[in-house]
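First up is the structure itself, then whatever we jot down about it.
Throughout, residue positions are numbered sequentially from 1 according to the sequence presented.
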Amino acid sequence: MNAVSPSESRSALIQLLIAELLIGSVGVFVHESGQDAITAVLFRCVFGSAFLIAWGGARGLFRGLLGERALIRSAIFSGVLLVLNWVALFAGMARSSIGVATMVYHFFPFVVMGMAAMFYGERTRSADLGWTAIAFVGVLCSADPFKLWNSAGSGYLIGVGLTFVAAILCGASLLLSRRISRERPFAVVLIQCLVGIVMLAPFADYTAVWVPGDHWFWLAGLGLIHSGVCYVLFYTSYPRLPVATIAVLAFIYPVIALLLDYLVYGHSLVPVQSLGVVLIVIGTLGVNLKWQWRRPQPVRA
């Protein structure tokens, strides 16, 4: 990363903080829209595409894009996975809760790490395997294993399962788009949103959405805020911040989601779920900040 002035670093920190605060409200917007998962994701892509075309086009970020066929192909493939991930996540939220789904979904960084090792041969530290195991136990705890056991076959169990599938799809999409989005991130996001429109347009429930109502505010917010403003803030702040700062601030998203789930819908965590949150935080920080299980022994002369 190039040298960044203190003022630029502070600005990037504020931008990322705002982005994490905003993205934490995505579950509320989905729920308040009153739409099924497919319809909600479709209009997230519609409004998100409109924002990105206006913002990126005004800054010339898409010049020469049509000539980059390899990037377009990869962005389309990763976009299919990303859109399916959104559908599974929103469906999981509807069947469990925003807080539970958010914590289970937070396992996706470990999916990225595992797939990178399996398919790209990227080296994984032995310590990371331990942190991943801790985080996975945290995921199981955050889903409330006692409720899962007593609700086998119910909508809650299906919701947790859908959210876990969403985490896998998100990890696969991020892994595919990671190598192509470094130079033209906004072009990749735009292509992914356009892919979502093509994929989901034939399956959306238009009878429920083509009426005046407050749901348009929430649907527009999903696209303009969560797929527009947030992505702009994320991608403009990341290059100017150290990895440690990004890793720590990433936990603002689930904290805000849990807080809103409690304040708006009255869903609180039981003790085992709180333990799960702590384990996920420890596991994620352990991987991102390269924690070791023990101190390296000094080399004797």
Side-chain angles (χ1 to χ4, degrees), residues 17 19-32 37 85 88-114 127-171 244-294:
L17 178 62
E20 296 289 356
L21 289 171
L22 290 175
I23 202 70
S25 65
V26 66
V28 173
F29 276 70
V30 173
H31 186 272
E32 294 299 319
N85 140 72
L89 175 60
F90 292 173
M93 286 181 174
R95 289 167 173 80
S96 55
S97 73
I98 294 172
V100 169
T102 300
M103 294 315 303
V104 174
Y105 185 67
H106 208 67
F107 191 69
F108 73 83
F110 302 96
V111 175
V112 176
M113 184 184 70
D128 290 340
L129 299 178
W131 297 124
T132 301
I134 289 176
F136 184 72
V137 173
V139 169
L140 295 178
C141 291
S142 66
D144 191 351
F146 304 108
K147 188 172 182 179
L148 284 174
W149 179 265
N150 296 324
S151 304
S154 72
Y156 182 85
L157 182 59
I158 296 173
V160 171
L162 284 170
T163 307
F164 197 75
V165 170
I168 296 174
L169 291 169
C170 178
T245 300
I246 295 172
V248 172
L249 289 185
F251 287 103
I252 294 176
Y253 162 35
V255 168
I256 293 299
L258 290 169
L259 182 62
L260 290 176
D261 198 23
Y262 173 71
L263 294 176
V264 179
Y265 305 112
H267 296 152
S268 58
L269 298 180
V270 299
V272 68
Q273 291 176 301
S274 299
L275 173 62
V277 173
V278 173
L279 293 177
I280 292 173
V281 170
I282 292 174
T284 305
L285 291 179
V287 169
N288 284 282
L289 302 185
K290 307 301 181 185
W291 289 347
Q292 298 288 344
W293 283 98
R294 58 184 179 182

**Request:** Show your working on side-chain contact (heavy atoms from CB on, under 4.5 Å) between Met103 and Leu258 and close with a plain yes or no.
**Result:** CA-CA 9 Å; Met103 294 315 303; Leu258 290 169; 3.9 Å; yes
**Asked** Roughly how far apart are Ile134 CD1 and Leu129 CG, rounded to 0.5 Å?
**Response** 11.5 Å
**Asked** Do side-chain atoms of Glu20 reach the backbone of Leu17 as a donor and acceptor pair under 3.5 angstrom?
**Response** no
**Asked** Got a sec, which residues hit ring-ring contact (aromatic ring centres under 6.0 Å, His included) with Tyr105, two or more places apart in sequence or on another chain?
**Response** Phe108
**Asked** Could you state the interatomic distance from CG (Leu263) to CD1 (Ile256), rounded to the nearest 0.5 Å?
**Response** 9.5 Å
**Sole residue of Val26, Leu22, Leu21 in side chain to side chain contact (heavy atoms under 4.5 Å, CB included) with Tyr253** = Val26
**Message:** Is the shortest side-chain heavy-atom distance between Ser142 and Ile280 below 4.5 Å?
**Reply:** yes
**Distance-minimising heavy-atom pair for Ala166 and Leu89** = CB-N, 3.6 Å
**Request:** Begin from the C-alpha positions of Trp131 and Leu285 and carry the test side-chain contact (heavy atoms from CB on, under 4.5 Å) through to its verdict.
**Result:** CA-CA 9 Å; Trp131 297 124; Leu285 291 179; over 6 Å; no
**Request:** Check step by step if side-chain contact (heavy atoms from CB on, under 4.5 Å) holds for Val100 and Asp144.
**Result:** CA-CA 8 Å; Val100 169; Asp144 191 351; over 6 Å; no
**Request:** State, to 0.1 Å, how close Ser97 and Asp261 come at their nearest heavy-atom pair, and which atoms those are.
**Result:** OG-OD2, 3.5 Å
**Prompt:** With sequence neighbours excluded, what pairs up with Asp128 under the salt bridge (Lys or Arg N to Asp or Glu O under 4.0 Å) test?
**Reply:** Arg125
**Request:** With side-chain contact (heavy atoms from CB on, under 4.5 Å) as the test, would you mind laying out the steps for Thr284 and Phe251 before giving the verdict?
**Result:** CA-CA 9 Å; Thr284 305; Phe251 287 103; 3.3 Å; yes
**Request:** List the atom of Tyr262, the atom of Ser268, and the distance in Å for their closest heavy-atom pair.
**Result:** CD1-CB, 3.7 Å
**Asked** Val277 and side chain to side chain contact (heavy atoms under 4.5 Å, CB included): which partner among Thr102, Leu269, Val255?
**Response** Leu269
**Shortest non-hydrogen contact from Cys141 toward Pro145** = O-CD, 3.7 Å
